[in-house]
Amino acid sequence: MRARGIMQTTAMALVVCSISAGTASAQGQEQLSPPLLQYPQERVPSFNAYGLPGLVDMPTAEMAPDASFGATVSHFGTTTRATLSFQVLPRVIGSFRYSLLENSNLPGNRDGDYYDRSFDLRFQLLKEGTYLPDLSVGLQDFIGTGLYGAEYVVATKEIFPGVRVTGGVGWGRLGSYQSFGSTGTRPSNDVGRGGTADYERFFRGDAAAFGGLSWDMTDNLRMKVEYSSDDYELETTRATGFDRKSPWSVGGDYVFRNGNQLSLYYAYGSEIGAQFTVLTNPRTAPVPGGNETAPVPVSPRRADQAADLGWTTQPARQMQVREALGEALDDQGITLEGLSLEADRATARIINRRYNAAPQAIGRTARLMSRALPDSISEFVIVPTTGGVPSSAVVIRRGDLERLEFDAADAIYDRVAVVDAIGRTPPVFADQYPKFNWSLAPYFRYSAFDPDDPLRTDYGARLSASLEIAPGLELAGAVSQRLGGTIDEATYSADTQLPAVRTAAPLYARESDTSLDRLTLAHYGRPGKDLYSRVTAGYLERMYAGVSGELLWKPVDSRLGLGAELNYVRRRDFDQGFGIQSNMTPSGEIPEFNGHVSAYYDLGYGFHTQLDVGSYLAGDVGATLSVNREFANGWRVGAYATKTDVSADEFGEGSFDKGIRISIPLNWALGSPSRRAENITISPITRDGGAKLGVGGRLYGRVRSDHQPEMAKTWGRFWR
Amino acid sequence: MRPTKTLRRRAIAALAAAGLLAACSTEKESVNALDVFGELRAKLSNANPPPLSEAQIRQSLATVPGPIRFLEVGNRGGQALIAPIGQNGDYVTWASAGGQNVVFRNGFAVQSRGLGGDLMSSDEDALLPLIRARQQGTAPYVMRFLSGDNDTIVYNYTCNVLPRGATDYVAGEINGNATAVEVHCVSETGPDHVSRYVVSSDGYVLSGEQWFGQLTETLTYRTLR
């Protein structure tokens with residue numbers, strides 16, 4: 001039922017998405033907003049102490065530019081709030097907040113420090129026009145403990161150039177000071193457990209008015225004044241050190257060119273406060289287009305050579321072609337693994353080591369083929385592979401390449417075919433396998449939201465190695481040596497009603513500084529057209545060993561993928577060596593088998609969704625829904641929620657598993673090409689319900705980028 | 001744990017982690033996370049490469065056979081000498097030793113690669129004949145750039161070509177009569193701009209101060225040989 005809430009919210013967001021969708025881009029990819037270079041053109045509104053568009057502490061009806069990603073830290077009185085916000089859609093902004101209330105006697109406090117997590121959502125119903133104001137409705141802390149629980153309807157209108165007036169009505173916290181009426185009885189909040197969206201509370205109870213004024217004095221300076229309807233009852237009755245003397249607060253913002261904001265305020269007649277908001281926008285890039293060196297130009301054929309087939313009977317010349325092409329591609333960050341030459345067609349089997357956008361690797365390969373291959377060849381087939389397994393075949397006519405080199409990228413897109421690689425993949429060269437790679441690198445691990453220490457970290461060194469025995473057959477492992485940190489100091493609490501599949505993590509962290517993170521033998525294959533397979537055996541992750549099998553159906557031109565995964569798991573010893581221990585935990589036995597079926601769908605407008613249904617690690621049965629907003633430069637911002645047959649009480653704090661995932665591509669930050677990305681998962685609480693096995697190499701992520709729907713999004717890079 | 005101890009531990013952890021960041025690997029495309037800071041430093045220091053000296057240009061003209069052009073990338077002040085590396089019909093690709101390319105069509109820049117914020121392609125079929133003919137007139141002109149999100153930004157311009165009279169062209173080994181041409185472009189989708197060219201009597205664009213996108217701003221080029 002609670003998961004239904006998430007789903008309803010998601011569905012609602014998607015409806016809004018399709019309503020407010022903008023124009024289609026060049027390759028038929030729907031876009032929510034027009035493309036941007038380095039900075040959004042729209043005005044960036046002031047962010048308030050809750051890390052959302054607002055005044056000092058009160059909300060406004062404003063929205064940030066589409067896709068704005070913000071991080072705010074604010075402090076006044078005894079309250080410190082750290083908030084991540086994301087403009088999910090042009091008219092929907094969401095946020096996740098971690099707050100500290102000092103000197104408090106709330107249940108769950110540690111030495112007076114009370115930590116709280118909260119999620120907000122704000123929907124803009126009306127956009128400002130000549131006469132009408134912006135009008136928004138917001139839910140504050142709608143899924144957490146309810147500590148900040150409030151709802152509001154607010155309007156904002158620019159009345160003079162740069163001067164905006166805001167007025168609104170609030171419930172919950174925002175209806176607690178000088179309320180003018182009431183809309184029924186508001187059920188009390190459940191500080192302590194949280195995690196559920198409590199519809200019964202929404203817009204119930206006392207209502208009060210709030211408002212204020214903001215004035216953009218210059219492009220960089222802004223003043224704001226507000227009247228708050230929040231009486232800060234908890235902070236004044238359940239904590240000491242904060243005195244709310246007045247509903248009035250005044251503040252000033254300094255806004256940097258990139259939208260970052262530094263604010264100072266005098267809040268509630270007693271406190272000096274400050275905040276800093278860092279804003280970035282995944283639709284922009286520090287160096288749009290990247291700063292990697294230029295590709296080589298296409299070499300047009302000479303008409304008199306087109307009929308020369310002499311090379312077909314000269315193996316030495318073919319070898320020369322192969323070596324020249326292999327060397328030139330290697331220089332561009334592309335490995336030539338195989339090449340088949342027919343009289344009028346050449347097929348290159350490649351590994352794209354460098355480019356985040358597959359079309360860029362395809363385009364560079366095609367251009368080098370035009371320079372290296374005999375003139376009689378009129379068709380190029382390029383087969384990108386991942387881990388030795390072909391994921392698609394791109395068919396390009398050489399004449400199109402020559403004719404359209406200086407046209408818009410759309411022109412060649414219309415002439416290219418992306419098809420299944422089955423039956424088109426040349427064998428690998430005999431000298432390509434086995435391949436051995438290793439790396440020694442630092443690692444940094446964190447564990448957040450432990451009330452004893454909200455951010456625990458570990459650091460150390462990790463030695464990773466892989467041996468690709470044959471295409472698709474890989475032996476890989478990683479050993480890490482912890483050098484320091486505090487994760488091992490986390491308290492292990494046996495407070496769970498389910499088999500301790502994840503709550504036992506502190507036992508693993510404290511047992512040994514040297515750990516075998518993984519050691520697996522994996523086979524990746526193509527059992528047939530549209531099909532991909534994986535079998536992984538060994539030490540699959542830090543807590544589990546076993547065997548994992550996966551099958552994926554994903555046609556090369558389809559937005560839909562379907563998969564199934566079955567796992568046999570054995571619990572590893574706490575010291576994370578080679579030992580295996582019984583699956584029996586103090587709170588129950590971990591089933592040996594788990595698995596799920598998955599559906600993946602590219603919804604368009606940059607949204608991607610995944611639904612997993614099956615049996616989780618602790619034996620609970622249910623489903624996980626993930627929705628990501630994805631950007632063609634590799635940025636992904638998304639949320640997931642898992643609801644299984646475990647009740648909220650059995651699950652414990654948080655009521656059900658949920659979280660936020662953010663992926664930031666390194667090449668976006670660097671400007672230079674790289675396929676690496678920084679992946680961050682923020683899970684407010686780790687419990688045993690809805691937990692999945694952490695096996696590496698899941699198929700969808702490996703094959704998707706080389707398929708037509710993904711290539712279409714980044715096809716502009718074909719000629720880059 | 002109390003904050004001071006935690007903070008001290010974190011500071012040590014951060015330092016140790018920073019010291020370890022220089023990872024080693026046999027993988028060819030491994031990226032060092034410290035590069036991020038290197039890039040930032042480069043941006044903060046705003047260090048432009050020193051301009052090419054007359055002596056460097058003379059030396060290149062003496063040692064490199066064939067056509068040479070001088071290139072300056074507007075807002076970054078980077079300068080380079082470029083030489084042709086490929087031809088496809090009217091389009092000639094010129095490259096710098098640093099791995100940047102600019103494609104010229106009859107001497108008029110139509111694309112770049114490797115400059116950052118590159119002009120990915122343009123439709124100059126109607127504009128270029130007017131410039132080459134040094135003739136007053138109006139023509140459409142399209143410029144395409146990659147957005148921060150790998151989408152294509154298209155600017156549709158209407159350009160006025162305004163011949164500005166005869167001029168002497170003196171650069172490198174070229175010394176002769178030519179015509180100055182000014183091109184004013186306006187658009188509802190992109191920033192308005194003015195570009196200036198010097199065109200030879202046979203319709204070759206000898207030099208240009210050409211608007212080349214919001215990142216590059218003005219691309220300056222001169223034919224030296």
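From a predicted model like this one, the values you see are computed outputs, not experimental measurements. Throughout, a chain's letter reflects where its sequence line sits, starting with A, and its residues are numbered from 1.
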Backbone of [Y] reached by a side-chain donor or acceptor of [X] within 3.5 Å:
| X | Y | value |
| --- | --- | --- |
| B/R113 | A/V296 | no |
| B/D149 | A/P282 | no |
| A/N633 | B/N150 | no |

Check your understanding: Taking all non-hydrogen atoms of both residues, which atom of B/G98 and which atom of A/T293 are closest, and how far apart?
Key -> O-CG2, 3.8 Å
Study note, to complete from the structure: Heavy atoms of A/P297 and B/I85 approach each other most closely as CD-CD1, 3.6 Å
With a cut-off of 6.0 Å (strictly less than), are more than 12 heavy atoms of other residues, nucleotides or ligands near [atom1] of [X]?
| X | atom1 | value |
| --- | --- | --- |
| A/Q481 | CD | yes |
| B/Q59 | CD | no |
| A/E327 | CD | no |

Point to revise | Value rounded to 0.5 Å, distance of CG in B/D118 from CZ in A/R720 | key: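 So the CG of B/D118 and the CZ of A/R720 are separated by 5.0 Å.
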Atom group of [X] that falls short of 4.5 Å from chain B, counting heavy atoms:
| X | answer |
| --- | --- |
| A/N281 | neither |
| A/E405 | both |
| A/S299 | neither |

Show me, pair by pair, the donor-acceptor contacts under 3.5 angstrom made by side chains of residues 434-441 of chain A, not counting sequence neighbours?
from, atom 1, to, atom 2, distance (Å)
A/K435, NZ, A/E337, OE2, 2.9
A/N437, OD1, B/T26, OG1, 2.9

**Study point:** Largest heavy-atom contact set with chain A, pairs under 4.5 Å, which of B/L115, B/V142, B/V154, B/I153
**Key:**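 Going by pairs under 4.5 Å, I would pick B/I153.
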Point to revise | Among B/A95, B/G117, B/S112, B/G99, residue most engaged with chain A (heavy-atom pairs, under 4.5 Å) | key: B/G99
Study note, to complete from the structure: Sequence neighbours excluded, the answer for side chain to side chain contact (heavy atoms under 4.5 Å, CB included) partners of B/S121 is A/A408, B/Q111, B/R144
So which of [options] has the biggest tally of heavy-atom pairs under 4.5 Å with chain B?
| options | value |
| --- | --- |
| A/N356, A/L36, A/T335 | A/L36 |
| A/G606, A/A357, A/A294 | A/A294 |
| A/P288, A/P300, A/A67 | A/P288 |

Practice item. Report the residues that fulfil side chain to side chain donor-acceptor pair (under 3.5 Å) with B/T138, sequence neighbours left out, ordered by chain and then residue number. Key: B/N160
Practice item. Below 4.5 Å from any heavy atom of chain A, which atoms of B/S122 appear? Answer side chain, backbone, both or neither. Key: backbone
Review point. Which residues, numbered in order, of residues 209-225 of chain B come under 4.5 angstrom of chain A by heavy-atom distance?
Key: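 Residues in range: B/Q214, B/L215.
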